[in-house]
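Reckoned from all heavy atoms, side chains included, excluding hydrogens, waters and symmetry mates. All chains are named by letter (A, B, ...) in the order of the sequence lines, taking the proteins before the strands, and each is independently numbered beginning at 1. Keep in mind it's a predicted model, so treat the numbers as computed, not measured.
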2 protein chains.
Amino acid sequence: MAKQSSTKDRILNAAEKLFATRGFYGVSIRQITTEADVDPALASYHFGKKKDIFNAVMLRRAEVLNRERIAMLDDCIRRAKPNPAPLHEIIDAFTHALLNRATQGGQGWKHYFAIIAQINNHPELGGIIMTQYFDPLAKKFIAAIQQTMPDSQPQDLYWCYHFLSGALTLTFSGTERINNLSDGLCPPSDLYAVHDRLVPFITAGFKVFAKPHKITP
Amino acid sequence: MAKQSSTKDRILNAAEKLFATRGFYGVSIRQITTEADVDPALASYHFGKKKDIFNAVMLRRAEVLNRERIAMLDDCIRRAKPNPAPLHEIIDAFTHALLNRATQGGQGWKHYFAIIAQINNHPELGGIIMTQYFDPLAKKFIAAIQQTMPDSQPQDLYWCYHFLSGALTLTFSGTERINNLSDGLCPPSDLYAVHDRLVPFITAGFKVFAKPHKITP
DNA sequence: TGAATAATTAAACACTTGTTGAAAAAAGTT
DNA sequence: AACTTTTTTCAACAAGTGTTTAATTATTCA
């Protein structure tokens, strides 16, 4: 109906960039519309309230990322049939889409991941995407692992997922902390290097709970 | 010299509580001083700029926590001498102080950990505590692991530390996400249950890199 | 006690906040 | 062409922002 207006996209891109570095409350609508070179009133006109802008920013990418990750998980399970999929493949399927987008997806995706890291534990801001997109995927992921590790206990898997979630979030947040800490030895920009270590690390962690059940090491 | 004024503490406590849920930019000085039941001007009078309040909030606990964790690491290493300390004990020493404070430290500590989770990848806000307190501790921790796993490569250890850092941060942030996801099976309030799984999980992850060196699983 | 220092108050500063309304311009439709 | 709908602009709103100033009250110490 309407023309392929670029105004909405410019607002979203500007908002994404600013939210990534200063957070939701740290960015004003004026700053967004200035960055987008657009009248302040257009933000309200196109999106409504400020929080609606934020949701639009997040949903835009959550949708495509979610679809991709589900597809990779399904693929991984189908390839292995009739056997359960190998653990490290499940974990790779869960994480690889993030790697692809973070490395080849352009700056916008990096901003998106930085925002995710901020709202991962913020119910008010992260509620929508988390419950709508991430949680169903997480359940699928955990179910797949349950298949591969039939003797494991659900609580253990949920907690392991939790650890994975934390590691993943920090890894793709683009923080420079580890770079400073390692005196330049570990540039977070080299996401392939990280991913090559992340998957075995997490896989080994999960495998601890393959058998029932001895928590203290 | 001055009396043991409680005003500064009340401001810090109020700020801590509010920062934990709404972030630095999401909280105004008026909100803080109202919560503290104190005149707005007292914030500037006692602390200076808003960011100074934030730093004071963080430094207050970072100092005691840092001291505690270093002591536990040193203890762990000394106990094992002349052998290198066992890996899982090093990791426990690194994490156990957090567990103690989060479970027995009262509400303030929970707020503190929630803030840590927010600024973990925020250079502007997290810079001071991170470089001044957390980074030296991290180096000590990694050095200890290097001793236990002499054939490991520094890059691997740094990245593993990074994963641990992410998992830790999310775990102690107090988020309810995992609770919802697991339909109440994994209450994040039961930090002992989490910790009992976190340490073996991370230990197994590190051990992957004990020998040099085969990243793809 | 009285003088000096510290803490608290109330008011105001100039500026930014999110959002809205009505007028103007652009695009779309018949 | 004229008419309708969509988009953009400009101005304004009331409320909130961090911070400062000067006056007032508590406290400390000689």
Spacing between I32(A) atom CD1 and dT17(C) atom C1', to the nearest angstrom: 12 Å

Of all the base pairs, Watson-Crick or G-U under 3.5 Å, which form stems of three or more consecutive pairs involving DNA chain D? C:5-23 with D:8-26, C:25-29 with D:2-6

Taken to the nearest 0.5 Å, the spacing of Y161(B) OH from L181(A) CG works out to 6.0 Å

Residues from residues 49-58 of chain A lying under 4.0 Å of DNA chain C - heavy atoms: K49(A), K50(A)

Where do N or O atoms of nucleotides 10-12 of chain C meet protein N or O atoms at under 3.5 Å, pair by pair?
unit_1, atom_1, unit_2, atom_2, d
dA12(C), N6, R30(B), NH2, 3.4

Under 4.0 Å between a side-chain N/O of S44(A) and OP1 or OP2 of dG18(C), yes or no? no

Distance (rounded to the nearest 0.5 Å) between F141(B) CZ and L157(B) CG: 9.0 Å

Measure from CG on L42(A) to C1' on dG18(C) and round the result to the nearest Å. 15 Å

Side-chain donor or acceptor of R61(B) paired with backbone N/O of V57(B) under 3.5 Å: no

Considering just the side-chain nitrogens and oxygens of H46(A), establish if one lies under 4.0 Å of OP1 or OP2 belonging to dT8(D). yes

Side chain of T169(A), backbone of S165(A): donor and acceptor closer than 3.5 Å? yes

Rounded off to whole Å, could you give me the CD1-to-P distance for the I11(A) and dT9(D) pair? 10 Å

Keeping to residues at least two apart or across chains, list the side chain to side chain donor-acceptor pair (under 3.5 Å) pairs with something in residues 178-191 of chain A. E176(A)-N179(A)

Who pairs with R67(B) by salt bridge (Lys or Arg N to Asp or Glu O under 4.0 Å), at least two apart in sequence or on another chain? none

Whole-Å distance between dT20(D) C1' and F47(B) CZ? 18 Å

Considering non-hydrogen atoms only, spot the tightest contact between D92(A) and H195(A) and give its length. OD1-CE1, 3.0 Å

Output yes when a side-chain donor or acceptor of Q118(A) lies under 3.5 Å from a complementary backbone atom of A20(A), and no otherwise. yes

Proximity to DNA chain C (any heavy atom under 4.0 Å), residues of residues 18-29 of chain B only: none

Side-chain N,O (T7(B)) to OP1/OP2 (dT8(C)) below 4.0 Å: yes

When rounded to whole Å, the OH to C1' distance for the pair Y45(A) and dA22(C) reads 14 Å

Taking K50(B) for its side chain and V27(B) for its backbone only, find out whether a donor-acceptor pair lies under 3.5 Å. yes

Under-4.0 Å salt bridge between D52(B) and K49(B): no

